[in-house]
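Below: the structure, in structure tokens.
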Number of protein chains: 2
Amino acid sequence: MNAPNPSETAFSIAAVERDTGLAKDTLRVWERRYGFPAPTRDANGERVYPSDQVEKLRMIRRLLDHGRRPARIVGASVEELSSMLDSCLCPEGGTPAGRDDGLLQLVRLHRSVELAAALRQALMKQGLQRFVAETVAPLAAAVGEAWMRGEVDVPEEHLFTEQVQNLLRSAIGAHAASEGRPRVLLTTFPEEEHVLGLLMAEAMLVPEGASCLSLGTRTPLADIRSAAVGGGFDIVGLSFSIAYPARQAIDGLLELRALLPEEIGIWAGGGAVRDKQKRLPGIRVVGDLADTLAALQEWRKASA
Amino acid sequence: MNAPNPSETAFSIAAVERDTGLAKDTLRVWERRYGFPAPTRDANGERVYPSDQVEKLRMIRRLLDHGRRPARIVGASVEELSSMLDSCLCPEGGTPAGRDDGLLQLVRLHRSVELAAALRQALMKQGLQRFVAETVAPLAAAVGEAWMRGEVDVPEEHLFTEQVQNLLRSAIGAHAASEGRPRVLLTTFPEEEHVLGLLMAEAMLVPEGASCLSLGTRTPLADIRSAAVGGGFDIVGLSFSIAYPARQAIDGLLELRALLPEEIGIWAGGGAVRDKQKRLPGIRVVGDLADTLAALQEWRKASA
DNA sequence: GCGCCTCATTTGTCCTGGACAAAATAAACT
DNA sequence: AGTTTATTTTGTCCAGGACAAATGAGGCGC
């Protein structure tokens, strides 16, 4: 599971693409240009990546997501990369130790039963909004970081997502279908797969009496438009994970802004659009989950 | 939305890969071998696929999922492909007309608000188990068929999945976490993405007092084993969509059977394993949702 | 007839090494 | 400082060859 012995397992280029999200072409061109990765070859001349190189590629990927550029980091040692990651992470506010680490451990150890129980208990104790803001969001960030460090694998990430989805969807469903305003349409752009951002936003809004409808992930612009206009929505909410290319997010949002009638607001949240407010006229950039509530207040004030 | 004018939009090879699920390498090699697709080129010599060719590629992809082989179909005309698709679909039993068609129309027309409301209402009226067996399952089949025919697109499919997920997860969550037997672990193999099968199974079992835990999709065998053994489960339930390669399902199931202690049962359901019982000794093939309940009775009888 | 083994195709993925456009940065300018 | 223009950097695309894994056909024993 955690590949204790680095030389034990090896990866084909397709497997590395799946694991790191780096395209095959990119892996080959890095090898040509920077000399890394340096896979061995099998009997047929095909690349075989040892798992320590895959681990290093994951670190590099994570740094790229934080805005670094390949030339500067592909040649660096594991130690240098590790310290770069540390300096990337700490600024986001010191790791809040304690309870969350406990949950992260449950995820990493595949303690599925205990994880489900612990999350359920936290939800009961904190209520939906605090549960989202204080437990789910930090845990999601911690899992994301651990993922990039290679300490967490696909199945752990899925286990986590699945349990949180269960709780959030069921808690959201428990609020009677409200007819309240604003009516918010939630979704993501076609290249974005992550659904938790949407669910967290919905979980913040529904208890405030807003009526939300989620289209799920990967909705093309044209469909967002027709759903928003046809459904009489006041606001369209988009979520972007940290890995989503910022440029694409900005272009897409501006295009959507042009597509929608002016009276429909656009809210955008998530790592890829943070701090991009000034490049997004006519769009409300939601910095974090608490800011969602602020945006809601603003809307209600403005439309009163 | 539906690209009314075929010549209006054009696609890069990367876009076609996203839309059809056919790898870039595959698209290029088909062009070389079969003369189709035959994209035009832009100023830079890069392939530009007109949207009617992309549509045809989608049809081909669907036929491949049904077990046809490229050489036979890549050269065929759109009409021939269309009739092949028809003959693939009809044998599965005449389309059950009536109420479900109404819901399918809502999906196809992107009537997201009405769809959510109609589903919620059906759940209220029928109760969870009947809702799953009589509404969700037929609708899922109808959406699957429409998808095959190309009458339904990615966003429609996502809209449908999302709304059903919301309802099922919230209904399942409403049942207090039971400590009852059997304890069922639900998941899919790594190549299987579809989650609805798992949710439907869970929705059938939970009202019967079974205690279910879903790991979500895409769990490697080794992780299934450790979760099942470590969590003290009685049964592992696997779901396979119709598109999942039958051979892979059988091999994987037998391997899992060998991996798990004998006292843990394996249930397998979904299109890919239907009618494969005799090739799967030691595994309970669940034919349909009603059969899930039969399997449950058997287990309780045997373990009493 | 049915299951199992072997052989011939079919088919998807991988390879090399070159090219170029889009993005990001640095430099120059109002 | 803010905007325009050069100059890297970087990811994706192309061609055409190669090969192994998957699939189907043919032969053989039951």
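A, B, ... follow the sequence lines: proteins, then strands. Residue 1 opens every chain.
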**Asked** Using a cut-off of less than 4.0 Å, is there contact between a side-chain N or O of A/Ser12 and OP1 or OP2 of C/dT13?
**Response** no
**Message:** With nearest nucleotide decided by heavy atoms, which residue, B/Glu46 or A/Lys24, maps closer to the 5′ end of DNA chain C?
**Reply:** A/Lys24
**Request:** Using only heavy-atom distances, determine whether the side chains of A/Glu80 and A/Ser77 contain a donor-acceptor pair under 3.5 Å.
**Result:** yes
**Prompt:** If you pin B/Arg72 and A/Ile13 to their nearest nucleotides in DNA chain C, which one's is more 5'?
**Reply:** B/Arg72
**Request:** Check whether any side-chain heavy atom of A/Leu186 lies under 4.5 Å from a side-chain heavy atom of A/Leu215, and answer yes or no.
**Result:** no
**Complete:** Side-chain contact check for B/Arg41: nearest option of C/dG12, D/dA15, C/dC14 is D/dA15
**Prompt:** Does B/Arg47 make a side-chain N or O approach to OP1 or OP2 of D/dA15 shorter than 4.0 Å?
**Reply:** yes
**Request:** Let me know the distance between CG of A/Asp42 and P of D/dA18, rounded to the nearest Å.
**Result:** 18 Å
**Request:** Find the distance B/Leu63:CG to C/dT11:C1' and express it as a whole number of Å.
**Result:** 17 Å
**Nucleotide nearest A/Arg33 (side chain, heavy atoms from C-beta), chosen from D/dA15, C/dC20, C/dT10** = C/dC20
**Request:** Check whether any side-chain nitrogen or oxygen of A/Thr26 sits under 4.0 Å from OP1 or OP2 of D/dT12, and answer yes or no.
**Result:** yes
**Request:** Send over the distance from B/Leu64 CG to C/dG12 C1', rounded to a whole Å.
**Result:** 11 Å
**Asked** Would you say A/Asn44 reaches D/dA20's phosphate, i.e. side-chain N/O to OP1/OP2 under 4.0 Å?
**Response** yes
**Request:** Please examine the side chains of B/His194 and B/Phe240, heavy atoms only from C-beta on, and report whether any two atoms are closer than 4.5 Å.
**Result:** no
**Asked** Between A/Leu27 (CG) and D/dT10 (C1'), how many Å, whole number?
**Response** 14 Å
**Request:** Could you tell me the separation between the CZ atom of B/Arg28 and the C1' atom of C/dT11, rounded to a whole number of Å?
**Result:** 16 Å
**Request:** Look at the side chain of B/Arg69 and the base of D/dG24, then say whether one donor and one acceptor between them are separated by less than 3.5 Å.
**Result:** no
**Message:** What is the separation between atom CH2 on A/Trp30 and atom C1' on D/dG11, rounded to the nearest whole Å?
**Reply:** 10 Å
**Message:** Quick check on D/dT10: is either OP1 or OP2 less than 4.0 Å from any side-chain nitrogen or oxygen of A/Tyr34?
**Reply:** yes
**Complete:** B/Asp25 CG to C/dC15 P, in whole Å, measures 10 Å
**Request:** Establish, with yes or no, whether the OP1 or OP2 oxygen of C/dT10 is under 4.0 angstrom from a side-chain nitrogen or oxygen of B/Arg68.
**Result:** no
**Asked** Which heavy-atom pair separates A/Phe160 from A/Ala140 by the least distance, and what is that distance?
**Response** CZ-CA, 3.6 Å
**Prompt:** Atom CZ of A/Arg32 and atom C1' of C/dC15: how far apart are they, to the nearest Å?
**Reply:** 11 Å
**Rounded distance [0.5 Å steps], CD in A/Glu55 versus CG in A/Asp19** = 10.5 Å
